[in-house]
Amino acid sequence: MTAPFLQMMAISKDYPGVRALSDMQLSVRAGEVIGIVGENGAGKSTLMKILGGVVAPTAGTILLDGSVLPRLTVAAAMRGGIAFVHQELNLFDNLTAAANILIGREPVRFGPLRLVDRAALDRLAAPLLAQLGADFGADAPVAGLSLAQKQLVEIAKALSLRARLVIMDEPTSSLTASETERLLAVVARLKADGVSVILISHRLAEIERAADRVLVLRDGRCVAELDRAEVRAETMIRHMIGRDLQTLYEPPAAPAGPPVLEVRDARPHHTSRSGATRRGGSPGGVTLALPAGRILGLAGLVGSGRSELARTLFGIEPLAAGEIRLEGAPVSIRSPRDAIARGIYLVPEDRKRWGLVLPFSVRDNVTLPDLAAHARHGLLRPASEQACAVRQQHSLDIRTASLQVAVGSLSGGNQQKVVLAKWLAMAPRVLIFDEPTRGVDVGAKREIYLLMRALADRGVAILMISSDMEEIIGVSDRVAVMHEGAIAGFLERDELSEASILSLAVGRLAA
């Protein structure tokens, strides 16, 4: 086994009144994949900031190629071959892939104008993209690339800096299943080329597949270092939260009630990128019922129509054909205002874009959908807003220093709780969850699952759309599987398996 080229020994970091890291150890060898897992607040971000030279440790030593450093600077980290691929990508959409990869280091033509040599730029970038198996050229405009392709541009940028260690922070949180497969193949390719990878992810199945070893962080400490043979999702969860995997899920406590929401032969309109509207889905459309007290999972491949159905039920997209019935009576839902007035609420897939106003305070986000309830004679009553926000904070255990802080400063799990808080303050009849735990740590996942079950036990009808197979199987009381805009079939709880769901998702009859 080769010696580590990077070692972090007895690293601690103190902030006023808080110890963020305590006695952390990390070593990195060439060509290995290290998974780092832990709940939000476990210390992952602090450790990576120290490794990238962004913050200095309070105590400890860093060895890089045998040289002892009390801390790394950003420049020293880059010179040492440490590169980051952040969850929020740092690319310029108005430039090509090659221009982004070599930004600030572009080859120029001789002459007084020193113009960028675009042909040379593409020649330098093309081998880096080929090394990653990219399916687009160096001259491709970044604006036209998918999120997965943009991540390859970021990784190619890291390789152009002769990176020996690439740190990926939640790289698959917004990727489809097929895009995730391609990214994991890129990780394997980097490993084969001798490049080390630190993989930080809440998706433990991916860590299980890719990592040679895993560090589990909790409360600023490394509570376990797992060798390849020990890397199992259930083992990581047990170390992360001190409980077994089975405790994440709760069965229903009461029998199912009558249907709250029924959808009959529904076909939403789809809007293309050009803005043109077209009818989508197969002739059969979508027919399903959401009973009170139950969680109906909605599975299917990307493009099957799951999110389109959610947007139609919430009034974002119009209904092209079919019927929606609420507690037996036909209803017309032409806008989110109509849905909200009837107690039908959507927790969207992209909470930052569609679920929250990030610069607004926690309090303002909680009360925003129902301002009339906190107004008198047309004037808002801050005391009423504050009382509502305090109730929801206590009910959902929203962890924030103050209800006045911007909601964008909260962790992913707490942001999701704020999205839920604004709807729970308004007595929902139907709650639609689109990817409810995307980008949320295991501990916050359990809280969300328990909340969903508690709502169902109180008679709320829940539709849960998820691409996480473990989540669909663990949380759902029944699963509807979509294929090409229609329901391909239903599976009862005792019939649920990855094979049975995927069989319907690809258009085959369930065995």
Side-chain angles (χ1 to χ4, degrees), residues 1-11 20-52 82 84-87 164-173 175 180-181 183-192 194-248 412 437 439-446 468 470-471:
M1 182 179 292
T2 59
F5 68 87
L6 172 68
Q7 291 178 279
M8 303 177 75
M9 299 184 296
I11 296 293
L21 280 179
S22 182
D23 198 31
M24 278 294 306
Q25 316 286 336
L26 172 66
S27 62
V28 182
R29 296 176 175 82
E32 70 171 341
V33 179
I34 303 170
I36 296 185
V37 300
E39 298 186 73
N40 290 333
K44 305 187 300 294
S45 295
T46 302
L47 180 64
M48 293 304 104
K49 286 176 182 177
I50 292 171
L51 185 52
I82 300 170
F84 280 79
V85 178
H86 295 280
Q87 186 175 4
R164 294 187 290 169
L165 170 62
V166 178
I167 301 167
M168 299 186 185
D169 185 8
E170 296 292 343
T172 65
S173 63
L175 300 189
T180 296
E181 288 294 326
L183 183 68
L184 293 178
V186 167
V187 170
R189 193 174 289 120
L190 291 172
K191 175 182 173 179
V195 179
S196 302
V197 176
I198 288 180
L199 195 58
I200 303 169
S201 180
H202 293 313
R203 293 186 170 182
L204 302 185
E206 295 159 14
I207 294 285
E208 186 175 338
R209 287 179 55 188
D212 297 310
R213 57 190 174 93
V214 170
L215 273 64
V216 184
L217 274 60
R218 187 169 73 214
D219 298 330
R221 295 179 177 273
C222 179
V223 295
E225 183 169 353
L226 308 176
D227 294 330
R228 177 64 201 158
E230 302 173 294
V231 178
R232 297 289 181 271
E234 55 269 24
T235 306
M236 289 185 276
I237 290 171
R238 188 167 62 250
H239 286 296
M240 286 167 64
I241 64 175
R243 296 185 294 269
D244 288 329
L245 179 64
Q246 289 75 15
T247 65
L248 288 178
T437 61
V440 168
D441 67 54
V442 173
K445 279 185 180 183
R446 172 169 167 76
D468 186 330
E470 185 178 282
E471 183 169 80

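For the pair Ile167/Met48, a side-chain contact is recorded, criterion being any heavy-atom separation below 4.5 Å from C-beta on. With contacts defined as side-chain heavy-atom distances shorter than 4.5 Å, the pair Glu208/Arg232 qualifies. Annotation: side chain of Met8 is not in contact with side chain of Leu21 (no heavy-atom distance under 4.5 Å). Side-chain contact between Leu51 and Ile198: present, with at least one pair of heavy atoms (C-beta onward) separated by less than 4.5 Å.
The CE atom of Met24 sits 4.5 Å away from atom CG of Leu47, with the distance rounded to the nearest 0.5 Å. Rounding to the nearest 0.5 Å gives a distance of 9.5 Å between CG of Leu26 and CD1 of Ile11. Taking CD1 of Ile36 as the start and OG of Ser201 as the end, the distance is 12.0 Å to the nearest 0.5 Å.
For the pair Gly43 and Leu217, the tightest heavy-atom approach, listed with the atom from each and the gap, is C-CD2, 3.7 Å. The two residues Gly31 and Lys191 make their nearest non-hydrogen contact at O-CG, 3.2 Å. Of all non-hydrogen atoms in Ala211 and Gly35, the two that sit nearest each other are CB-N, 3.8 Å. Taking every heavy atom of both residues into account, Leu199 and Ala210 meet most closely at CD2-CB, 4.0 Å. Closest non-hydrogen pair, Leu204 versus Met236, comes out as O-CE, 3.7 Å.
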(message) As a quick check of understanding, evaluate side chain to side chain contact (heavy atoms under 4.5 Å, CB included) for Glu206 and Val187, giving each step before the final call.
(response) CA-CA 11 Å; Glu206 295 159 14; Val187 170; over 6 Å; no
(request) Kindly indicate, with the supporting measurements, whether the criterion side chain to side chain contact (heavy atoms under 4.5 Å, CB included) is fulfilled by Glu181 and Arg209. (result) CA-CA 11 Å; Glu181 288 294 326; Arg209 287 179 55 188; 2.6 Å; yes
(request) Determine, step by step, whether Ile237 and Lys445 satisfy the side chain to side chain contact (heavy atoms under 4.5 Å, CB included) criterion, reporting the C-alpha distance in whole Å, the side-chain angles of both residues, the deciding distance to 0.1 Å, and the verdict. (result) CA-CA 11 Å; Ile237 290 171; Lys445 279 185 180 183; over 6 Å; no
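Applying the side-chain contact (heavy atoms from CB on, under 4.5 Å) criterion to Arg213, with sequence neighbours excluded, gives Ser27, Arg29, Glu32, Ile34, Leu215, Glu225. Applying the ring-ring contact (aromatic ring centres under 6.0 Å, His included) rule to Phe5 yields no partners; only residues at least two apart in sequence or on another chain are considered.
Distance alone, capped at 3.5 Å, is enough to place a donor-acceptor pair between the Arg218 side chain and the His239 backbone.
By the 6.0 Å contact criterion, CG on Asp23 is enclosed, its count of non-hydrogen atoms from other residues, nucleotides or ligands being greater than 12.
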